[in-house]
Amino acid sequence: MASAAQPTEREVLKPPPTSVGVVGWVRANLFNGFFNSLLTLATIFLLYKTVPPLIRWAFIDSVWHTGGQGCRQATGACWAVVTENLRFIIFGFYPYDQQWRPLTAMLLLFLLLFISRDRRYWKKSLLYTWVIGLTAMGILMRGGILGLQPVESTQWGGLPLTLLLSIFGLTAAYPLGVLLALGRQSQMKGIKTLCVVYIELIRGVPLISLLFMSSIIFPLFLPEGVTINKILRAQVAIILFTAAYIAEVVRGGLQGMPRGQYEAAEALGLNYYLTMRLVILPQALKIVIPPTVSILISAFKDTSLVVIIALYDVLKTTQSVLSNPKWMGFSPEAYIFVAILYFLGCFSMSNYSRKLEKELSTEEY
Amino acid sequence: MATDVAGENIPFWLDPKKRAVVFQILVFCLVGLLAYYLVSNTLTNLKRQSIATGFGFLEKEASFEIGESMIPYSSADTYARALLVGALNTLKVSFIGIVLSVLLGTIIGIARLSSNWLVARLAGLYIEVMQDIPVLLQLFFWYAIFYETLPSPRQALHPFAGVFLCNRGVAVAVPSAHPAYKWMLAAFLAACVLTWLMRRWARRRQEERGLIFPVFRVGLAMLLGFPLIVWWAFGMPHAMNVPKLVGFNFKGGITFSPEFIALLMGLVLYTAAFVAEVVRAGIQSVNKGQTEAALAIGLKQSQVLNLVILPQALRVIIPPLTSQMLNLTKNSSLAVAIGFPDFVSVANTTINQTGQSIEGVALIMAVYLFFSLSTSVFMNWYNQKAALVER
């Protein structure tokens, strides 16, 4: 028996070559069993039928730089509809010679987002940096001082508008959502009812009805002579809408907190504000990071709905390029470009949330 | 008792209960003031612009055409009827969309968990890409594909027998009208009721005596068999109503408009990605030990799925699935962007024609609120029914 426990050189059998390496991997993952093999072959056949023609359409037969006429003769994709109109799609009606300003503002925003990715920088100073950065972006977009030519917000459009609606929408909706969630969990019956009604009302209707409200009804709410910019009105609708969804997510986090946490805070003599600020919210908000990010992602996607009330976001500028007779008929290419923009935004958000979730969860152990 | 004595001396701004009352009164006053301000502004504005309030306009003649309708409608009908047409169209697209997206989503969700690397990766790619592109953009994309890349009816694509694809929509052949079909439907409904009764009976028998009855196979046989027998009894009518090109468009069969197809495709492909994630999470929520235990007590593979996995997975799946269904219904309001006459679209036209913007938006909100509130009533009922009975 002792010899069995210590195998000699001769007894060590190597695994058969078909179960290790590439062959082994293919066998284990693609051809384990009759049904799976059939599935793999069917999938490969389908890919063979669809992917090469798609690559041919998108890259080999495609036209990248030409007028509309050259596109009509091409058999592949007409990417020229994007490249030739890139500046209009991205910046909308912003004065042509001033477009370096929104470009700088966007680069500044991306820089700020990039810095904020790292949790080591999550300090007060980062907050101040954001405030300074956003002010700088506002000055760049609006102009009027520092020798910059003033640009009315009615001329803002394209990608900067999409980003503006998203960033301000999210930053304003988050605190409002947390307040609503606290209200919904409150002991005060009146406050609670108010918050429940608000949240359920907003979550029950589509965003588009709120946008209609902001664009058609809201002007009626204001006294004569007072008008509020259309972009701001849509922005408010997006904020009010997103806040209700964030509130529900945060409520989930609050309900997930064990009672002991509340009792311990009470035992320490903390009042309501301090209990929430120091004990409950830091933990509750941490639990709900993943669902919060998916709310943020859908809010980012939902900004595209402002197309319907005729704000020139990146989707609307694309559509107005496509309504030009010269470029009519190349919608798929243009929409694919916009889809890639949205995909990059959403994908980086969801990727970041996965990373953050991992970082935060390891801390607990 | 000591606290009571102390309590008498506490000034009201330090007593949490009294403070709460004061705070709530303050908040309500603020909200009330805001509401008063807005309403009074609105009333003066309406008076100034001489817009009549109220829902009286619903009785007036709509005088606009609606492209597709499930009930007879002409431009001479009232606004109320036009809105009803819109609501029915919303229900139609939502219902078909929900059925298709649940089917597709379940398949993709299971594929995501497949042991086949290629299939799992492709399903993952699908989910990631579809979730990250706004549904409105997807609607525009499919609509553009229909409108711009498909040929005119004269050169319509003809992928299968009886199906024609062109930029005016999809024309599909349907069996020509015959009394047999009514009876087949009746037979199918009868089979549904019988299957349901059989399932109850089989469950009770199994609980009492431990005998298993092949409900699925017998049920399937009834659901398929009854209509087939009726069909045979009527002499197997098989005349088809095939769409034919008459002038510039197809006549006969059923024609689906490009707006409807684009809306349906966009909604289904988008929502299916979310449904797939829900299904995946549900299946993964069932502990692997459950499967192993079920196999260990000698259940067959199908019984493991039916008796052990599904009842537990469905408890996790149903709530988020309902909210996805609701999302699909709410997203169907984007039909207004591609011109499908759903409720929002018809209400929008009504607002533009009558100027009754407040009433119009209020109607839109009321209709969707009705949908979501009835869904949440169902959810509460289901949650109570499905809640774990802990011993």
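Sequence lines set the chain letters: A, B, ... in the order given, protein chains first and strands last, and positions in each chain run from 1. Because the structure is a prediction, the values reported are computed rather than measured.
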ask   = What part of Ser115(B) lies closer than 4.5 angstrom to a heavy atom of chain A: side chain, backbone, both or neither?
value = both
task = Decide if atom NZ of Lys192(A) counts as having more than 12 heavy atoms of other residues, nucleotides or ligands within a radius under 6.0 Å.
result = no
message = For Val307(A), which atoms come within 4.5 Å of any heavy atom of chain B: side chain, backbone, both, or neither?
response = side chain
task = Could you look at Leu315(A) and say if it's the side chain, the backbone, both or neither that has a heavy atom under 4.5 Å from chain B?
result = side chain
message = Measuring only between side-chain heavy atoms, which start at C-beta, is Leu369(B) closer than 4.5 Å to Leu201(A)?
response = yes
ask   = Is Gln187(A) atom CD crowded by more than 12 heavy atoms from other residues, nucleotides or ligands, each under 6.0 Å away?
value = no
note = Okay, Thr42(B) and chain A: the region with an atom under 4.5 Å from a heavy atom over there is both
Backbone N/O of Ile208(A) and side chain of Lys330(B): donor-acceptor pair under 3.5 Å = no
message = Within this structure, what is the OG-CG distance for the pair Ser304(A) and Leu334(B), rounded to the nearest 0.5 Å?
response = 8.0 Å
Region of Asn348(B) in contact with chain A, defined by heavy-atom distances below 4.5 Å = side chain
query = Taking all non-hydrogen atoms of both residues, which atom of Phe343(A) and which atom of Asp132(B) are closest, and how far apart?
reply = CD1-CB, 3.5 Å
Pairwise side-chain contact, Pro332(A) with Ile145(B), heavy-atom cut-off 4.5 Å (strictly under) = yes
ask   = Relative to chain B, which of Gln319(A), Met349(A), Lys189(A) shows the most heavy atom pairs under 4.5 Å?
value = Gln319(A)
task = Please state whether the side chain, the backbone, both or neither of Ile308(A) comes within less than 4.5 Å of a heavy atom of chain B.
result = side chain
inquiry  = If you compare all heavy atoms of Ser357(B) against all heavy atoms of Leu220(A), which two are closest, and at what distance to 0.1 Å?
reply    = OG-CD1, 4.0 Å
inquiry  = Taking the side chain as everything from C-beta on, heavy atoms only, tell me whether Phe140(B) gets closer than 4.5 Å to Thr318(A).
reply    = no
Portion of Leu47(A) that has a non-hydrogen atom of chain B nearer than 4.5 angstrom = side chain
note = Most contact-rich option vs chain A, by heavy-atom pairs under 4.5 angstrom, among Trp117(B), Phe370(B), Phe371(B), is Trp117(B)
note = Taken to the nearest 0.5 Å, the spacing of Tyr335(A) OH from Leu136(B) CG works out to 8.5 Å
ask   = Given the options Ile297(A), Leu322(A), Leu305(A), which has more heavy-atom pairs under 4.5 Å with chain B than any of the others?
value = Leu305(A)
task = With a 4.5 Å heavy-atom cut-off (strictly below), which parts of residues 22-33 of chain B touch chain A? List them by number.
result = Phe23(B), Gln24(B), Val27(B), Phe28(B), Val31(B)
inquiry  = Between Leu122(B) and chain A, with a heavy-atom cut-off of 4.5 Å, which part of the residue counts as in contact: side chain, backbone, both or neither?
reply    = side chain
query = Should we count CD of Glu266(A) as having more than 12 external heavy atoms under 6.0 Å?
reply = no
request  = Answer with side chain, backbone, both or neither: which region of Phe343(B) has an atom nearer than 4.5 Å to a non-hydrogen atom of chain A?
outcome  = neither
remark   = dist Ile202(A):CD1 -> Met365(B):CE (nearest 0.5 Å) comes out at 6.5 Å
key: Under 4.5 Å from any heavy atom of chain A - which part of Leu43(B)   = neither
message = To the closest 0.5 Å, what do you measure between OG (Ser376(B)) and CZ (Arg203(A))?
response = 9.5 Å
key: Greatest number of heavy atom pairs closer than 4.5 Å to chain A - which of Leu137(B), Val361(B), Ile133(B), Val336(B)   = Leu137(B)
ask   = Given that the side chain runs from C-beta out, which part of Ser294(A) has a heavy atom under 4.5 Å from chain B: side chain, backbone, both or neither?
value = neither
key: Gap separating the CG atom of Asn116(B) from the CG atom of Asn36(A), nearest 0.5 angstrom   = 4.5 Å
inquiry  = Can you confirm whether Tyr147(B) is buried at OH, in the sense that more than 12 heavy atoms of other residues, nucleotides or ligands lie under 6.0 Å from that atom?
reply    = no
ask   = Measuring heavy-atom distances to chain A, does Ile364(B) have an atom under 4.5 Å in its side chain, in its backbone, in both, or in neither?
value = side chain
